[in-house]
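These notes concern the structure reproduced below.
Small disclaimer: the values here were computed from a predicted structure and weren't measured. Position 1 is the first residue of the sequence; numbering continues from there.
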Amino acid sequence: MGEKIKSLSEFIKWADRFKDGQYLFRGVSDVCYPIEASTYRRISLKEDRISHNLLQANLGLIADARLLMQDRKNGRRLTDLELLAELQHLGAATCLIDFTRSALVALWFACRESSSGKGKNGKVVILRSDGEEPLKTVDHGTIEKNLDYFFQLGEDLRYPLYQWHPSFQNNRIIAQQSVFVFGGPQIPEAAECEVVGCSKQEIRRDLHKLSGITEVSLFPDFEGMARAYAHDKLAVTSNAETYRQRGIHLYHKGELDEAIGYLKQVSCLKPDDPYAYIHLGHAYHLKGEIRDKSNSELDMAIEAYTKAIELKPELAILYVFRSRVYYDKSRVGSDKNNKDDQLDLTIKDCKQALGLESKLADAYNMLGNAYAEKGEFKKAIENFSRVIDLKPSEPRYYCNRGETFLHLQEWDKAEKDLNFAKDNRFDISASFQKDYENAEDFEKKVDIKLPKNIKQLLDQPRNQ
């Protein structure tokens, strides 16, 4: 068993070790639970728990569902995998194993109370998806295949493991950042940690306060809402904690005015609650972005983050949150003096954050953005490179650096970074078009002639 975790900060420190590749996470409430497909629990003899029997059990489930005409949704016939996902959503045992791209979401699931008894230790396991034997990916070319296509022995006489990022993005899949893993009988865990049972409640409380992760936010559908109000869930009166929870939930739903109303109530009832101000800042910032970077909402976001910083000056990420708003303010209007002032504030906040936490990737990324906006492209490259050193598998950072290399006319480096981002499913065209209509618009605005291959790369249709 891995390292024992007793707090959110201990978990973040543990999870921060895994940034040398692409990882998936799964949290379970009982440390004794094996990481296996739920179908195996319906197969009584352990010696019968083999991939062939797993396949047969799932083929039978699919056949029964199709026989009962339960295989259509929104007028479309579901593929085998899509049908299994719908069935699992409703509680059926399938070959699909739920993982998530978010370590904190996995931690929340590990901190649930186990059905086998209160106070049981939970665990979070990590699966590397791009290691020596990378997981195969279900894509548009294979999603239509029948299930038995995925259960074919490879040349090494082993069943491959697949990862599937569902394209039907229901609210629960989006909230939980879900990835399904299935195929071979063995899940090659890269590492795991044990979450101490007596610490579960406190960790979930901290996840709620700092990240807004709750049962309601992770199950944002009618079934999830009903479960949150089940007979075994204590009723609560309207107080600061309740208002904060409602505000965070509404923020995640995109109902920003209602979210702001509840979060402002918290600040009145409990003015020393930094987490209410953090989420109030998030809501005002997002509202300002939706309104084409409205200065009034951005100013209120800065005010909320500043109050949170006064209450939690040691929390480095708060300075990054505020720096993003300063950066957005620098892009409102055409006043050069105002732009330079806002960018200087952006840089100041990022440096303050790095003084508290020297390996904070988001701070280096914002520094890169600010220096690029000021036209100091070499400094921007330096900071984007630091981000990539910290998070070498994150494609958006390569896109940022690639776009900056364009201004320095370092074409080979720009093409390499942009292709890395594109190959890792980052929409480089959408990113580029936040500032320029197309490659020709870029050439006119910055007076640089782009090579033909770069123009073709940037002008590809979005999500190609």
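Under a 3.5 Å cut-off, the side chain of Asn383 and the backbone N or O of Lys379 do form a donor-acceptor pair. Between the side chain of Gln176 and the backbone N or O of Leu218, at least one donor-acceptor pair lies under 3.5 Å. A donor-acceptor contact shorter than 3.5 Å is absent between the side chain of Lys253 and the backbone of Ser217. Glu82 places a side-chain N or O within 3.5 Å of a backbone atom of Thr79 that can act as its donor or acceptor partner. Side chain of Ser129 to backbone of Gln22: a donor-acceptor contact under 3.5 angstrom is found. Side chain of Tyr364 to backbone of Ser358: a donor-acceptor contact under 3.5 angstrom is found. Of the possible donor and acceptor atoms, none in the side chain of Ser323 sits under 3.5 Å from a partner among the backbone N and O of Cys350. Put simply, the side chain of Arg386 never gets that close to the backbone of Ala361: no donor and acceptor are under 3.5 Å apart. With hydrogens and angles disregarded, a donor-acceptor distance shorter than 3.5 Å links the side chain of Ser385 to the backbone of Ile381. At distances below 3.5 Å, at least one donor-acceptor pair connects side-chain atoms of Lys200 with backbone N or O atoms of Arg112.
In this structure, Glu376 places its CD atom where more than 12 heavy-atom neighbours from other residues, nucleotides or ligands lie under 6.0 Å away. For CD of Gln201, the number of neighbouring non-hydrogen atoms (other residues, nucleotides, ligands) closer than 6.0 Å is 12 at most. Annotation for Lys19: atom NZ counts as buried by contact number, over 12 foreign heavy atoms lying within 6.0 Å. For CD of Glu310, the number of neighbouring non-hydrogen atoms (other residues, nucleotides, ligands) closer than 6.0 Å is greater than 12. Within 6.0 Å of CG on Asp447 lie no more than 12 heavy atoms contributed by other residues, nucleotides or ligands.
Side-chain contact annotation: Arg244 with His208, donor-acceptor N/O pair under 3.5 Å absent. A donor-acceptor contact closer than 3.5 angstrom links the side chains of Ser431 and Glu403. Judged purely by distance below 3.5 Å, without hydrogens or angles, the side chains of Asn400 and Asn365 pair a donor atom with an acceptor atom.
A salt bridge does not link Glu440 to Lys455: none of the charged nitrogens lies less than 4.0 Å from a carboxylate oxygen. A salt bridge does not link Arg425 to Asp139: none of the charged nitrogens lies less than 4.0 Å from a carboxylate oxygen. Between Lys329 and Asp341 there is no salt bridge, since none of the side-chain N atoms of the basic residue sits less than 4.0 Å from a carboxylate O of the acidic one. A salt bridge between Lys374 and Asp344 is present, with a side-chain N of the basic residue lying under 4.0 Å from a carboxylate O of the acidic one. Salt bridge absent: Lys422 and Glu415 never bring a charged side-chain N and a carboxylate O closer than 4.0 Å. Ion pairing between Arg324 and Asp362 holds under the 4.0 Å rule for side-chain N and carboxylate O. Residues Lys416 and Asp412 are not paired through a salt bridge, judged by the lack of any N-O separation under 4.0 Å between the basic side chain and the carboxylate. Using a 4.0 Å cut-off between a side-chain N of Lys or Arg and a carboxylate O of Asp or Glu, Glu303 and Lys307 do not qualify as a salt bridge. Taking the charged nitrogens against the carboxylate oxygens, Lys444 and Glu437 have no contact shorter than 4.0 Å, which rules out a salt bridge. Lys339 and Glu373 are joined by a salt bridge, as a carboxylate oxygen and a charged side-chain nitrogen come within less than 4.0 angstrom of each other. Ion pairing between Lys287 and Asp257 holds under the 4.0 Å rule for side-chain N and carboxylate O.
When all heavy atoms of Leu458 and Ser429 are compared, the pair lying nearest together is O-OG, 3.3 Å. Here the closest heavy-atom approach between residue Val325 and residue Tyr305 is recorded as CG2-CE1, 3.7 Å. Considering all non-hydrogen atoms of both residues, Ser178 and Pro166 come closest at O-CD, 3.9 Å. Nearest heavy-atom pair, Phe18 versus Ala191, reported as atom, atom and distance to 0.1 Å: CZ-CB, 3.5 Å. When all heavy atoms are compared, the tightest approach of Ala92 to Ser38 is O-OG, 4.3 Å. Closest heavy-atom contact between Leu263 and Gly247: CG-CA, 4.1 Å.
At least one side-chain heavy atom of Lys312 sits less than 4.5 Å from a side-chain heavy atom of Leu318. By the 4.5 Å heavy-atom criterion applied to side chains, Ile448 and Leu406 are not counted as neighbours. Side chains of Phe442 and Phe432 form a contact here, defined as non-hydrogen atoms less than 4.5 Å apart. In this structure, Tyr243 and Leu269 have side chains that are in contact, with non-hydrogen atoms separated by less than 4.5 Å. Contact of the Lys123 side chain with the Val195 side chain is not registered, since no non-hydrogen atoms from C-beta on lie closer than 4.5 Å. Contact of the Asp349 side chain with the Val320 side chain is not registered, since no non-hydrogen atoms from C-beta on lie closer than 4.5 Å. Side chains of Thr100 and Arg26 form no contact here, defined as non-hydrogen atoms less than 4.5 Å apart. Tyr262 is listed as a side-chain neighbour of Leu250, based on a closest heavy-atom distance under 4.5 Å.
Remark: Gln177 CD to Leu24 CG distance equals 11.0 Å, nearest 0.5 Å. Tyr327 OH to Leu367 CG: the interatomic distance, rounded to the nearest 0.5 Å, is 12.0 Å. Put simply, CZ on Arg322 and OG1 on Thr306 are 4.0 Å apart, with the number rounded to the nearest 0.5 Å. The CG atom of Leu360 sits 12.5 Å away from the OH atom of Tyr319 when rounded to the nearest 0.5 Å. For the atom pair NZ (Lys378) and OG1 (Thr404), the distance works out to 13.5 Å, reported to the nearest 0.5 Å. The CD1 atom of Ile309 sits 9.0 Å away from the CG atom of Leu315 when rounded to the nearest 0.5 Å.
His282 has its ring centre less than 6.0 Å from the ring centre of His279.
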Go through the steps to decide whether Lys445 and Tyr436 satisfy the test side chain to side chain contact (heavy atoms under 4.5 Å, CB included), and finish with yes or no.
-> CA-CA 9 Å; Lys445 287 181 177 178; Tyr436 309 99; 3.8 Å; yes
Step by step, work out the side chain to side chain contact (heavy atoms under 4.5 Å, CB included) result for Asp98 and Gln88.
-> CA-CA 10 Å; Asp98 281 298; Gln88 178 156 308; 2.8 Å; yes
Given the rule in the side-chain hydrogen bond (donor to acceptor under 3.5 Å, both in side chains) test, do Glu394 and Asn424 qualify, once you have shown the distances and angles that lead to the verdict?
-> CA-CA 8 Å; Glu394 179 57 53; Asn424 283 274; over 6 Å; no
Dump the intermediate steps for salt bridge (Lys or Arg N to Asp or Glu O under 4.0 Å) on Arg17 and Glu3, then the final yes or no.
-> CA-CA 13 Å; Arg17 304 170 191 169; Glu3 183 175 329; 2.6 Å; yes
I would like to know whether Leu161 and Phe182 meet side chain to side chain contact (heavy atoms under 4.5 Å, CB included); could you show each step before the answer?
-> CA-CA 6 Å; Leu161 276 174; Phe182 65 98; over 6 Å; no
Verdict with supporting geometry, Tyr162 and Thr137, side chain to side chain contact (heavy atoms under 4.5 Å, CB included) = CA-CA 6 Å; Tyr162 285 87; Thr137 300; over 6 Å; no
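No option in Tyr398, Phe426, Tyr397 other than Tyr398 meets the ring pair (Phe, Tyr, Trp, His ring centres under 6.0 Å) test with Phe420.
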